[in-house]
Amino acid sequence: MRRAVCPGSYDPATNGHLDIIERAAALFDEVVVAVLINKKKQGLFTIDERLDMLRKVTQGLPNVRVDSWHGLLVDYCREHDIAAIAKGLRSVSDFDYELQMAQMNRELTGVETLLMSNNPAYSFLSSSLVKEVATYGGDVTDMVPPIVHERLKAKLAEQS
Ligand code: PNS
């Protein structure tokens with residue numbers, strides 16, 4: 001089975017993430033969307049909230065499952081028989097760091113990285129900017145899946 005991982009913080013998932021997940025799912029037998037548990041970085045959403053939103057937005061994709069992990073991504077790949085890391089590239093500035101990580105990961109275990117060009121419609125999107133815009137009342141309706149939009153509004157209302 002050809003299996004790939006789409007790793008990330010997903011705090012929260014955006015339409016740009018979903019585009020990459022859907023396209024990876026068309027290329028691989030199975031895609032694992034893996035949420036990094038980063039104990040040093042407090043997110044807006046808990047890991048369980050992120051997993052729940054991701055499960056809901058990917059429920060129409062039968063070969064996609066959602067999981068979380070901590071530690072090195074290459075170790076997660078080895079433990080789960082994952083041969084490739086699939087990620088989106090928004091811009092040239094993404095490329096430098098993504099290439100460095102791809103090379104490091106390949107050096108560590110031989111895992112391949114597939115860097116997919118983002119849909120230009122989403123090239124300005126990031127979870128951080130979406131949160132910032134939403135925090136100050138900007139309209140992010142077209143930037144995130146509807147369930148994420150609902151949860152984002154509720155979370156920000158809770159915090160205000
Ligand atoms: O959504 P993000 O925060 O841009 O995702 C970055 C992520 C989680 C994919 C990256 O930081 C990562 O793979 N972290 C896991 C730790 C690791 O393996 N570090 C070595 C990278 S070469």
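When a ligand or atom number is given, it counts from 1 through the structure's own listing order.
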Which residue and heavy atom of the protein sit nearest [atom], plus the separation:
atom                    : value
atom 10 (C) of ligand 1 : Met101 SD, 4.3 Å
atom 15 (C) of ligand 1 : Trp69 CZ2, 3.6 Å
atom 19 (N) of ligand 1 : Leu72 CD2, 3.9 Å

- Task: Decide, yes or no, whether a salt bridge links Asp11 with Lys131 under the criterion of side-chain N to carboxylate O below 4.0 Å.
- Result: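 Answer for the salt bridge query: yes.
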For atom 6 (C) of ligand 1, state whether the nearest protein heavy atom is under 4.0 Å away.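 No, no protein heavy atom sits under 4.0 Å from atom 6 (C) of ligand 1.
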*asked:* Quick check on atom 12 (C) of ligand 1 - does any protein heavy atom sit closer than 4.0 Å to it?
replied: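 When distances to the protein are checked, atom 12 (C) of ligand 1 has no heavy atom within 4.0 Å.
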side-chain hydrogen bond (donor to acceptor under 3.5 Å, both in side chains) partners for Tyr76, two or more places apart |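 Expected list: Asp67.
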(message) Just to verify, what does Asp48 make a side-chain hydrogen bond (donor to acceptor under 3.5 Å, both in side chains) with, not counting sequence neighbours?
(response)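 For Asp48 there are no side-chain hydrogen bond (donor to acceptor under 3.5 Å, both in side chains) partners, ignoring immediate neighbours.
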Q. Backbone or side chain, does any N or O of Lys87 fall under 3.5 Å from an N or O of ligand 1?
A.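 So ligand 1 has no N or O lying under 3.5 Å from an N or O of Lys87.
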Do Leu36 and ligand 1 have an N or O pair less than 3.5 Å apart?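 Not met; the criterion fails.
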Report task. For ligand 1, note which part of Asn105 has a heavy atom under 4.0 Å away: side chain, backbone, both or neither. Result ->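 Only the side chain of Asn105 comes within reach of ligand 1.
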Heavy-atom distances under 4.0 Å are what count here, so tell me which part of Tyr97 touches ligand 1: side chain, backbone, both or neither.
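It is neither; nothing of Tyr97 touches ligand 1.
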Option set Gly88, Cys6, Ser126, Gly71, criterion heavy-atom distance to atom 16 (C) of ligand 1, minimum: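 It is Gly71 that holds the nearest heavy atom.
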Do you know the tightest heavy-atom contact between Ile82 and Val5?
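So the minimum-distance heavy-atom pair works out to CG2-N, 3.7 Å.
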Review point. Between Arg50 and Leu36, which heavy-atom pair has the shortest distance, and what is it?
Key: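 Heavy atoms only, the tightest pair is NH1-O, 4.3 Å.
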I need the atoms of ligand 1 closer than 4.0 Å to a non-hydrogen atom of [X], numbered in the order shown.
X      : result
Ser9   : 1 (O), 2 (P), 3 (O), 5 (O)
Met104 : 22 (S)
Leu73  : 13 (O), 17 (C), 18 (O)

Tell me, do [X] and [Y] make a side-chain contact under 4.5 Å, heavy atoms counted?
X      : Y      : answer
Tyr122 : Asp142 : no
Ile21  : Tyr10  : yes
Pro145 : Leu18  : yes

Worksheet item: Can any side-chain N or O of Arg55 pair as donor or acceptor with the backbone N or O of Val66 at less than 3.5 Å?
Response: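 Pair found, side chain donor or acceptor close to backbone of Val66.
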